[in-house]
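What follows is a short report on a single structure.
Position 1 is the first residue of the sequence, and the numbers go up from there.
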Amino acid sequence: MQHSTLTLLGAGPGAPDLITLRGINALKTADLVLYDALVDPSLLHYCNSSCVKQYVGKRAGQHSYSQQEICEIIIRSSNHYKHIIRLKGGDAFVFGRATEEIEAAKSAGMNIEVIQGISSALAVPAAAMIPLTSRGVSQSFWVITGTTRSGQFANDLYLAAQSTATIVLLMAMNHLHEIMEIFIRHGKQSTPVAIIQEGCTPRQKIITGQVNNIADLARIKGLSNPAIIVVGKVVLNQRQIASVIDLKDAV
């Protein structure tokens, strides 16, 4: 008996042409694709006509599949499909719950393949002309989730608020005010902040401010998930880089 294969495939940060060539080739061989809410639906056009496409996303206001339900679908599907692709936004190994799905696939005796994606934590700030590192400004960066599985803030968030590194916050918009309060308590009230909503798509929106006013600005401008928050002096580089690019384009 030939075992089925689960491929964890990162679709990239938003734009459909930011998926890798290896990822496109994998979609062409899939029998079942389980795709998330942040995946551009046009990527499903790479699948063959007999491929089954099942939405298993998690979005507010819509039916959401729990992680346990997704793992159960993977296990059940292993008896019916030879090649199952779990298609996720960004990269599956960056807050993509990949470990749970690998464990589920292993329990069903499946083969496992991983195809990396471009993480939104890196690509979305770049699309907004914000470098995560810059000589003389920032020598490192942290990528942190807004809350842990228990709904609490991670200890790393408190440590990050004390560092001079660039901080990239994922899935943090629902707790933006409380998170900024942590930075304020560590004397970072004037630190620049940027929020990029729906980055790397035609709907991308960017606002910039400081730790002490960004929550109010986001409320006034109506920004919400999906969005990435960047905290650090590198945010100030945005206008400088953009002006250089504009100057070059004008030459």
Closest approach of A92 to L8 (non-hydrogen atoms, all atoms of both residues):
CB-CB, 4.2 Å

Sorted by chain and residue number, the side-chain hydrogen bond (donor to acceptor under 3.5 Å, both in side chains) partners of Q68 (sequence neighbours excluded) come out as E72

Heavy-atom pair of closest approach, residues A172 and I179
CB-CD1, 3.7 Å

Nearest heavy-atom contact between M180 and V231 is CE-CG2, 4.1 Å

Distance-only, no hydrogens or angles: does the N212 side chain make a donor-acceptor pair with backbone N or O of S190 under 3.5 Å?
no

Please collect all ring pair (Phe, Tyr, Trp, His ring centres under 6.0 Å) contacts where either partner lies in residues 174-194, sequence neighbours excluded, each pair once.
F153-H175

Any heavy-atom pair between the side chains of K53 and C47 that's under 4.5 Å?
yes

Euclidean distance, L44 CG relative to Q54 CD, rounded to 0.5 Å
12.0 Å

At their closest point, which heavy atom of D156 faces which heavy atom of I144, and how far apart are they?
O-CD1, 3.8 Å

Could you tell me whether the side chain of K188 and the main chain of S163 form a donor-acceptor pair under 3.5 Å?
yes

Quick one: does any side-chain atom of Q204 pair with a main-chain N or O of T201 as donor and acceptor, under 3.5 Å?
no

Using side-chain heavy atoms (C-beta onward) and a distance below 4.5 Å, is Q197 in contact with S224?
yes

Apart from I75 itself, members of its ILVMFWY cluster (side-chain separation under 4.5 Å) are none

Note: I85 and A30 closest approach over all heavy atoms is CD1-CB, 3.7 Å

Cluster overlap I195 with L236, hydrophobic side-chain contacts below 4.5 Å
no

To the nearest 0.5 Å, how far apart are CD1 in I73 and OH in Y65?
5.5 Å

Any side-chain heavy atom of Y46 within less than 4.5 Å of one from N25?
no

Applying side chain to side chain contact (heavy atoms under 4.5 Å, CB included) to D216 and not counting sequence neighbours gives R219

Do I229 and V193 make a side-chain contact, defined as non-hydrogen atoms from C-beta onward lying under 4.5 Å apart?
yes

Looking at K205, I want to see if its NZ is surrounded by more than 12 non-hydrogen atoms of other residues, nucleotides or ligands under 6.0 Å.
no

Considering only distance and modelled atom types, tabulate donor-acceptor pairs under 3.5 Å from the side chains of residues 112-135, sequence neighbours left out.
unit_1 : atom_1 : unit_2 : atom_2 : d
E113   : OE1    : T7     : OG1    : 3.1
S119   : OG     : A121   : N      : 3.1
S134   : OG     : N237   : ND2    : 3.2

Co-membership, hydrophobic cluster, residues L6 and L34, 4.5 Å side-chain:
yes

Side-chain heavy-atom pair L27, V33 within 4.5 angstrom cut-off:
yes

Any side-chain heavy-atom pair from E198 and P226 closer than 4.5 angstrom?
yes

One thing to verify: whether K88 and E101 come together as a salt bridge, which I'm taking to mean a side-chain N less than 4.0 angstrom from a carboxylate O.
yes

Look at atom CG of N155 and say whether more than 12 heavy atoms of other residues, nucleotides or ligands are closer to it than 6.0 Å.
no

So, S78 and S4: side-chain donor and acceptor under 3.5 Å apart, yes or no?
no

Under a single-linkage definition using a 4.5 Å side-chain heavy-atom cutoff for Ile, Leu, Val, Met, Phe, Trp and Tyr, are M171 and V168 assigned to the same hydrophobic cluster?
yes

Rounded distance (nearest 0.5 Å) linking atom CD1 of I19 with atom OG of S42
9.5 Å

Give the cluster check for L169 versus L217: same hydrophobic cluster or not, with ILVMFWY residues linked at side-chain heavy-atom distances below 4.5 Å.
yes

Hey, what do you get for CZ (R76) to SG (C71), rounding to the nearest 0.5 Å?
11.0 Å

Please determine whether side-chain contact (heavy atoms from CB on, under 4.5 Å) holds for the pair K233 and T164, giving the CA-CA distance in whole Å, both sets of side-chain angles, and the decisive distance to 0.1 Å.
CA-CA 9 Å; K233 293 181 180 178; T164 59; over 6 Å; no

Side chains of T29 and H83 only: does a donor on one sit below 3.5 Å from an acceptor on the other?
yes

For E103, salt bridge (charged side-chain N to carboxylate O under 4.0 Å, His left out) partners two or more places apart
none

Separation between CG of L176 and CD of E181, rounded to the nearest 0.5 Å
10.5 Å

Contact between V52 and D31 at the side-chain level, heavy atoms closer than 4.5 Å - yes or no?
no

Starting from the C-alpha separation in whole Å, work towards a yes-or-no answer on side-chain contact (heavy atoms from CB on, under 4.5 Å) for C200 and L18.
CA-CA 9 Å; C200 299; L18 288 177; 4.1 Å; yes

Got a second to check how far R97's CZ is from D36's CG, nearest 0.5 Å?
11.0 Å

Quick one, E178 with I182, criterion side-chain contact (heavy atoms from CB on, under 4.5 Å). Give me CA distance, side-chain angles, the key distance, then yes/no.
CA-CA 7 Å; E178 299 95 317; I182 294 173; over 6 Å; no

Work out which heavy atom in R185 is nearest to a heavy atom in Y158; give both atom names and the distance.
NH2-CE2, 4.0 Å

Got L43 and H45 here, is their nearest side-chain heavy-atom distance under 4.5 Å?
no

Quick one: do F141 and I228 end up in the same hydrophobic cluster if we chain Ile, Leu, Val, Met, Phe, Trp and Tyr together by side-chain heavy atoms under 4.5 Å apart?
yes

Run E100 and Q67 through side-chain contact (heavy atoms from CB on, under 4.5 Å) and show every step you take.
CA-CA 8 Å; E100 291 101 317; Q67 189 59 50; 4.2 Å; yes

